[in-house]
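I have placed the structure first, in the form of structure tokens, so that the comments after it can refer back to it.
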Amino acid sequence: DAKTTQPNSMESNEEEPVHLPCNHSTISGTDYIHWYRQLPSQGPEYVIHGLTSNVNNRMASLAIAEDRKSSTLILHRATLRDAAVYYCILRRGSGNTGKLIFGQGTTLQVKP
Amino acid sequence: GAGVSQSPRYKVAKRGQDVALRCDPISGHVSLFWYQQALGQGPEFLTYFQNEAQLDKSGLPSDRFFAERPEGSVSTLKIQRTQQEDSAVYLCASSLGGAAGGKSDTQYFGPGTRLTVL
């Protein structure tokens with residue numbers, strides 16, 4: 001399975017935008033890029049996913065590089081409730097049970 | 001609506017005891033996954049069910065770990081003769097589609113069961 005690389009931790013101020021980077025230089029053409037986050041003492045929750053084009057939803061935006069070797073999760077206005085561990089995950093498009101391969105993720109701290 | 005539920009939320013076991021952890025997935029979800037999360041680490045895949053069929057158990061760490069989903073709904077993860085290294089949070093997740101739809105299918109996680117083996 002292709003691997004992702006994320007910074008261990010990041011800090012942000014409340015109500016400011018946050019850009020969480022992810023490198024996935026060995027991504028294959030059929031790999032989807034998924035982001036999940038895990039709030040303290042909770043199970044992970046889905047944030048967003050994409051294949052080639054940038055994606056927006058109510059939680060965040062996902063910007064995917066043209067060569068697909070990196071992506072950025074964008075939280076437009078961080079709130080204290082966004083403090084969590086953010087995981088960037090590649091999911092193979094075929095021949096896969098759909099299992100998620102989590103890395104260490106990025107721990108996001110949001111300062112009031 | 002009801003999400004994925006897990007019980008018990010906390011379990012303390014003495015080394016050598018058997019434990020059973022329950023997962024109630026979202027109604028109608030075909031796929032069910034179990035993950036193990038050690039303290040300070042990301043979750044690690046244990047096993048996968050499509051309905052009642054266990055299609056992937058490659059992540060189970062030893063033959064002391066056993067999972068079942070006999071009617072394609074509720075699942076139980078059983079750990080026999082627990083060891084201290086089994087201490088972790090055990091997460092269950094479900095998704096609507098089967099393996100064919102796995103490439104983009106969202107997984108919904110339960111709150112986990114925190115197992116402590118003394």
Side-chain angles (χ1 to χ4, degrees), chain A residues 1-9 22 27-53 55 57-60 62 64 68 84-108, chain B residues 3-6 9-10 21 23-26 29-51 53-60 67 88-114:
Chain A
D1 293 306
K3 190 175 177 179
T4 63
T5 304
Q6 299 176 253
N8 287 335
S9 62
C22 180
I27 190 171
S28 73
T30 59
D31 284 341
Y32 282 72
I33 302 160
H34 285 247
W35 285 81
Y36 281 73
R37 73 179 185 180
Q38 188 170 21
L39 279 65
S41 302
Q42 296 187 25
E45 65 174 345
Y46 168 82
V47 178
I48 199 166
H49 79 276
L51 183 61
T52 56
S53 302
V55 183
N57 67 20
R58 65 175 180 81
M59 288 182 71
L62 176 60
I64 302 173
R68 298 208 329 125
V85 179
Y86 287 79
Y87 297 99
C88 170
I89 300 166
L90 301 183
R91 288 184 69 178
R92 192 130 296 174
S94 62
N96 180 30
T97 59
K99 64 186 178 186
L100 298 174
I101 310 294
F102 290 83
Q104 295 293 321
T106 296
T107 300
L108 176 65
Chain B
V4 177
S5 61
Q6 294 185 244
R9 290 293 313 278
Y10 303 90
L21 312 180
C23 172
D24 284 81
I26 294 172
H29 277 196
V30 169
S31 295
L32 186 145
F33 302 82
W34 283 97
Y35 295 86
Q36 179 190 58
Q37 186 171 24
L39 189 65
Q41 304 295 315
E44 292 192 358
F45 169 78
L46 292 177
T47 188
Y48 163 70
F49 290 86
Q50 181 174 315
N51 295 309
Q54 188 175 20
L55 299 186
D56 186 350
K57 51 183 181 179
S58 62
L60 296 177
V89 174
Y90 291 85
L91 295 160
C92 174
S94 69
S95 66
L96 183 61
K103 59 182 181 292
S104 63
D105 215 2
T106 298
Q107 290 188 22
Y108 297 87
F109 284 80
T113 294
R114 180 177 296 278

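Naming: A, B, ... by sequence-line order, numbering from 1 per chain. Just so it is clear, the structure is predicted and the values come from calculations on it, not from any experiment.
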Smallest heavy-atom separation, B/D105 atom then A/Y36 atom, equals O-OH, 4.4 Å
Here the gap from A/L100 atom CG to B/Y35 atom OH, rounded to the nearest 0.5 Å, amounts to 3.5 Å
What one should report as the nearest heavy-atom pair of B/L91 and A/G43 is CD2-CA, 3.9 Å
When the 4.5 angstrom heavy-atom criterion is applied to B/Q37 and chain A, the contacting part is side chain
Honestly, the part of A/S41 sitting under 4.5 Å from a heavy atom of chain B is backbone
Honestly, the part of B/S58 sitting under 4.5 Å from a heavy atom of chain A is side chain
When the 4.5 angstrom heavy-atom criterion is applied to B/P111 and chain A, the contacting part is backbone
Nearest heavy-atom contact between A/K99 and B/Q107 is CA-NE2, 4.2 Å
B/P43 and A/Y87 have their tightest heavy-atom pair at CD-OH, 3.9 Å
query: Does CD belonging to B/Q54 count more than 12 external heavy atoms closer than 6.0 Å?
result: yes
Taking atom CZ as the centre, does B/R114 end up with more than 12 heavy-atom neighbours from other residues, nucleotides or ligands that are less than 6.0 angstrom away? no
